[in-house]
Amino acid sequence: MTVAGSQVGGEVVAAQEPPPQAEEEAPRAALKRKDNRAWWLVLPVVVSVAFTAVIPLMTVVNFSVQDVFSPVDRVFVGLEWFRTISRDPEVRAALVRTLLFSAQVLLLEIPLGVALAVVMPRRGVWVSVALVLVALPLLIPWNVVGTIWQIFARGDIGLGGWTVNNVLGINFNYTLDSTDAWITVLVMDVWHWTPLVALLAYAGLRSIPEPYFQAAQIDGASAWATFRHIQLPRLRGVLTIAVLLRFMDSFMIYTEPFVVTGGGPGNATSFLSILLSKIAVGQFDVGPAAAFSLLYFLIVQVFCYVFFTVLTRSGR
């Protein structure tokens with residue numbers, strides 16, 4: 001440590017240099033103040049999320065605890081709407097149908113998507129052709145998909161319905177038979193969203209280093225052994241994302257079944273989303289609809305958390 005002297009009033013006063021720790025903390029504090037400016041870059045996102053998510057959510061929470069008669073006439077009812085919705089047998093039946101539909105979607109689309117990704121080419125000009133063809137259903141808007149299948153599955157003018165009725169000899173009519181309506185909606189969703197799983201799985205397969213496959217070929221491993229011990233373990237993270245995306249989307253499906261069947265025949269394809277729209281828009285019961293939407297949101301969050309926890313822990 002260097003000591004410097006200065007004369008004040010005839011006396012020599014020793015001045016010491018600041019310790020090294022203080023010298024290091026000064027630039028660090030200045031750097032911290034400078035980094036705070038980055039919040040200005042995040043501010044537009046915060047404002048956007050507030051207006052598109054937080055404020056609407058708080059509005060729904062406000063409506064869920066009130067009985068709204070008019071914009072100026074409201075009565076606070078507490079948790080009454082939540083109890084009413086949770087005890088409604090129609091809501092419970094719609095929940096069972098939605099869970100069953102999501103389970104069937106996952107059981108069909110995940111294996112089909114992985115199988116499609118495995119057989120897709122990995123080099124050459126056919127890679128681009130295959131990617132474009134597989135991605136085509138994803139480019140079609142949801143309401144257009146519903147319209148396409150509404151016509152395609154008709155037994156009188158639709159190619160699919162006519163083929164099933166006249167070539168296979170099966171009496172198929174999704175407007176009258178609940179099983180036919182369910183199959184139509186399920187096949188439509190599989191056709192529309194299996195390409196998403198295939199593209200995710202294909203990206204995961206392309207990320208596997210080529211020496212893994214060369215070593216398997218040298219060892220004489222079969223195609224199934226290569227898939228089971230090399231490809232499938234490397235797809236765990238990608239498939240976790242695919243399962244979460246497909247569960248959330250299938251559990252909240254609305255446009256396609258509403259366009260094709262309108263929730264019918266009867267209530268055969270009336271999922272939670274369609275029932276919620278009937279309460280909110282058809283009956284304009286703002287309070288029950290708000291409570292319903294919050295319970296719907298909570299169910300989606302709980303199931304996604306369970307899926308994510310189980311899939312990530314099983315990979316450790």
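Residue Leu108 holds its CG atom at 9.5 Å from CG of Asp189, rounded to the nearest 0.5 Å. Rounding to the nearest 0.5 angstrom, the gap separating the CG atom in Asp180 from the OG1 atom in Thr269 is 12.0 Å. Note that CD of Gln150 is 10.0 Å distant from OG1 of Thr175, once rounded to the nearest 0.5 Å. To the nearest 0.5 Å, atom CG of residue Leu245 and atom OG of residue Ser250 are 10.5 Å apart. Distance check, rounded to the nearest 0.5 Å: CG of Leu276 to CD1 of Ile85 gives 8.5 Å. One finds the CG atom of Asp88 at 15.0 Å from the CZ atom of Arg83 (value rounded to the nearest 0.5 Å).
Put simply, the side chain of Ser207 gets close to the backbone of Gly204: a donor and an acceptor are under 3.5 Å apart. The main-chain N or O of Pro44 is never found under 3.5 Å from a side-chain atom of Ser48 such that the two would form a donor-acceptor pair. Not one N or O on the side chain of Thr184 forms a donor-acceptor pair closer than 3.5 Å with the backbone of Tyr174. Between the side chain of Tyr202 and the backbone N or O of Gly113, no donor-acceptor pair lies under 3.5 Å. At distances below 3.5 Å, at least one donor-acceptor pair connects side-chain atoms of Arg97 with backbone N or O atoms of Ser270. Using modelled atom types, no side-chain atom of Ser64 and backbone atom of Gly287 make a donor-acceptor pair closer than 3.5 Å.
The shortest heavy-atom contact between Val259 and Gly146 is CG1-C, 3.5 Å. Between Val300 and Met248, the closest heavy-atom pair is CG1-CG, 4.2 Å. Looking at every heavy atom in both residues, Asn165 comes nearest to Gly155 through ND2-CA, 3.4 Å.
Relative orientation of the Phe271 and Phe101 rings is tilted, given thresholds of 30° and 60° on the angle between their planes. Note: Phe292 and Tyr296 have tilted aromatic rings, judged against thresholds of 30 and 60 degrees for the angle between ring planes.
Taking a 6.0 Å sphere around CH2 of Trp142, one finds it holds 12 or fewer heavy atoms contributed by other residues, nucleotides or ligands.
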Only distances under 3.5 Å count here; give the side-chain donor-acceptor pairs of residues 209-219 to other protein atoms, sequence neighbours excluded, each with its distance to 0.1 Å.
| from | atom 1 | to | atom 2 | distance (Å) |
| --- | --- | --- | --- | --- |
| Tyr212 | OH | Arg234 | NH2 | 2.4 |

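Linking Ile, Leu, Val, Met, Phe, Trp and Tyr residues whenever their side-chain heavy atoms come within less than 4.5 Å leaves Leu186 and Leu196 in two separate clusters. In the hydrophobic clustering of ILVMFWY residues, with side-chain heavy atoms under 4.5 Å counting as a link, Ile241 and Phe247 come out together.
For Val238, the side chain to side chain contact (heavy atoms under 4.5 Å, CB included) criterion is met by Leu200, not counting sequence neighbours.
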